[in-house]
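Beneath this line is the structure, given in structure tokens, with notes to follow.
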Amino acid sequence: MATVGHLNINVNARTAKFSKKMKGVRATIGRLAKGFAGMARKVAKFSAVLGGVAVAAIVALTRSGIKSVDLLGKTADKLGIIPKKLQVLQLAAKTTGVTVETFNMAMQRMVRRVSEAGHGFGEAKGALEELGLDAKALSKLPVDEQFARIADEMEKVSTQGDRVRLAMKLFDSEGVALVNTMKGGSKALNAFKKEAEELGLLLGGEQVRAVEKLATKLGFLSSVWTSLSQHLAVQFAPVLTAIANKVVQ
């Protein structure tokens, strides 16, 4: 009986210790669960913030895309060139450190100066003669072909100083920036065009026109909102003036 009693005492003692340890384990698990729950809430909040940032970034990127494609279409119309061909030249310019704005201005000046030279006057007349180009024949070519022909002849110029001088005559102050863009001549431009097509970087004419229409609608919508705010100002002006007078009194 003494042995049984001793056994009961040991079992009870060990059971008590086990229960005590299990309580500690349960408490630890409870603390971990609360910790994980807190982390989950923080992760959820962080994910929501990231989601908001992502949406804002997408909206900003879309607006930027609409603006750039609209500018591409309008510039192509001004220069009389297919948007895809202009985009090739713009992308080539960007890879050589020339901004789209600078390149567009250079093209406008080139078109005007080549046309002037074709009529026998202007700053580009002497430069084209020095390059061995027939100004009248050159002026009848599409803009991208004009640029390619000039780039080919610029490759034959022996010194960098002469290249810069001639580029200034053909493209004005933007010509210095385009010296590197013309490096390699039409061969380099054709290689770049092929790579851009393979990467799917170029936009078709219909795609550009669709974005131009969207930009026009968005511009009209902006004008509608502006007009609405103006009409509201006119309607509420007398009421707000009366309130202001009362406040002053």
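Since the model is a prediction, treat every value here as computed from it, not as a measurement. This chain uses plain numbering: 1 for the first residue, then up along the sequence.
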If you apply the rule side chain to side chain contact (heavy atoms under 4.5 Å, CB included), what do you find for Leu138 with Ile150, and how did you get there?
CA-CA 9 Å; Leu138 187 67; Ile150 291 170; 4.3 Å; yes
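A distance of 12.0 Å separates OG1 in Thr75 from CD in Gln87, rounded to the nearest 0.5 Å. Atoms CZ and CD, from Arg163 and Glu155 in turn, are 6.5 Å apart once rounded to the nearest 0.5 Å. Residue Leu89 holds its CG atom at 10.0 Å from NZ of Lys193, rounded to the nearest 0.5 Å. Residue Leu166 holds its CG atom at 4.5 Å from CD of Glu130, rounded to the nearest 0.5 Å. Between the CG atom in Leu91 and the CZ atom in Phe192 there is a gap of 4.5 Å [rounded to 0.5 Å]. Separation of atoms CZ (Phe147) and CE (Met107) is listed at 4.5 Å; rounding is to 0.5 Å.
Annotation: side chain to side chain donor-acceptor pair (under 3.5 Å) contacts involving residues 134-150, sequence neighbours excluded, are absent.
The 12-atom threshold is not exceeded at CD1 of Ile82, counting heavy atoms of other residues, nucleotides or ligands nearer than 6.0 Å. Environment of CD in Glu195: sparse, with no more than 12 heavy atoms of neighbouring residues, nucleotides or ligands closer than 6.0 Å.
Side-chain contact between Gln90 and Val98: absent, with no pair of heavy atoms (C-beta onward) separated by less than 4.5 Å. Counting only heavy atoms from C-beta outward, the side chains of Glu174 and Arg109 approach each other to under 4.5 Å. Side-chain atoms of Leu189 and Met182, non-hydrogen and from C-beta on, never get closer than 4.5 Å to each other. In this structure, the side chains of Phe171 and Phe103 stay at 4.5 Å or more apart for every pair of heavy atoms. By the 4.5 Å heavy-atom criterion applied to side chains, His119 and Glu116 are not counted as neighbours. Proximity of Met168 to Val176: side-chain heavy atoms (C-beta onward) are separated by under 4.5 Å at one or more points.
For the residue pair Ser186 and Ala148, the shortest heavy atom distance occurs at CB-CB, 3.9 Å. Scanning both residues, Leu86 and Ile81, for their nearest heavy atoms gives N-CD1, 3.7 Å. In terms of heavy-atom proximity, Ala167 sits nearest to Gly175 at CB-O, 3.4 Å.
Between Asp152 and Lys187 there is no salt bridge, since no side-chain N of the basic residue sits under 4.0 Å from a carboxylate O of the acidic one. Checked for salt-bridge contact, Lys156 and Glu153 meet the test: a charged N lies under 4.0 Å from a carboxylate O.
Leu128 and Phe121 sit in two unconnected hydrophobic clusters of ILVMFWY residues. Membership requires side-chain heavy atoms under 4.5 Å apart, directly or through other members. Residues Val157 and Val164 do not share a hydrophobic cluster, defined by chaining ILVMFWY side chains whose heavy atoms lie under 4.5 Å apart.
Every residue meeting the side chain to side chain contact (heavy atoms under 4.5 Å, CB included) condition with Val111, not counting sequence neighbours, appears here in chain and number order: Leu79, Val143.
Proximity of a side-chain donor or acceptor of Asn245 to a complementary backbone N or O of Thr241 within less than 3.5 Å is detected.
With respect to Leu170, the side chain to side chain contact (heavy atoms under 4.5 Å, CB included) criterion is satisfied by exactly one of Leu133, Leu178, Leu131: Leu131.
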